[in-house]
Chemist: 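I'd like to ask you about the structure that follows.
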Amino acid sequence: MQVQFNSDSSVMGTDNVASRIEAKVRDKLARFEERLTRLEVHVHDEQRHTHGHDDKACTIEARPRGGRPIGVTEHGSTVDDAARRAATTLAQRLERHFGRGSRHGHDPRPEKVM
């Protein structure tokens, strides 16, 4: 699974931040690794000129094999906090997305018989 990290100029986009967040996201989503082709992680500061509570945002978009992208955005007081929240929310959404087919013992899109 490929992970692409993006940040704006207001967030310290050093390798340390990128590698730290990537490791946390990979760890949280490891159980879906075989079902995903790519993750895109975007972190940014929504209020660049002021310091406020929950002004950092993290958007993670997962690309399931053969499916439509699934994305989430979460906020936090630090980029690490926002990334942790986004990874947790995405894990829940992926569990629901992938769990649907395995919970039901049938083809999720059966052919219509006319």
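Everything numeric here is computed off the predicted structure, so don't read it as measured data. Excluded from the calculations below are hydrogen atoms, water molecules and symmetry mates; all remaining heavy atoms, backbone and side chain alike, are included.
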Chemist: For a 4.5 angstrom cut-off between non-hydrogen side-chain atoms, does E95 reach F32?
Modeler: yes

Chemist: Decide yes or no on side chain to side chain contact (heavy atoms under 4.5 Å, CB included) for L29 and L90, but give the supporting numbers first.
Modeler: CA-CA 8 Å; L29 302 176; L90 183 59; 3.7 Å; yes

Chemist: Going by the rule side-chain contact (heavy atoms from CB on, under 4.5 Å), which residues pair with Q92 if we only count those two or more places apart in sequence or in a different chain?
Modeler: T88, R96

Chemist: For a side-chain contact (heavy atoms from CB on, under 4.5 Å) with I70, tell me which candidate from L36, L94, I60 qualifies.
Modeler: L94

Chemist: State the CZ-CD distance between F98 and E34, to the nearest 0.5 angstrom.
Modeler: 11.0 Å

Chemist: So which heavy atom on A82 is nearest to which on G76, and how close?
Modeler: CB-N, 3.7 Å

Chemist: Please find the pair of heavy atoms, one from P64 and one from P69, that lie closest to each other, and give the distance.
Modeler: CD-CA, 4.2 Å

Chemist: Ion pair present between E40 and R38, side-chain N to carboxylate O less than 4.0 angstrom?
Modeler: yes

Chemist: Take T59 and E61 through the test side chain to side chain contact (heavy atoms under 4.5 Å, CB included) and record every step on the way to the result.
Modeler: CA-CA 7 Å; T59 300; E61 182 177 88; 5.5 Å; no

Chemist: Roughly how far apart are Q2 CD and L39 CG, rounded to 0.5 Å?
Modeler: 9.5 Å

Chemist: Run the salt-bridge test on K24 and D27 with the 4.0 Å N-O cut-off and return the result as yes or no.
Modeler: no

Chemist: Under the salt bridge (Lys or Arg N to Asp or Glu O under 4.0 Å) definition, can you give me all pairs with a residue in residues 65-76, not counting sequence neighbours?
Modeler: none

Chemist: Let me confirm one number: the CG-OG distance from D45 to S7, rounded to the nearest 0.5 Å.
Modeler: 11.0 Å

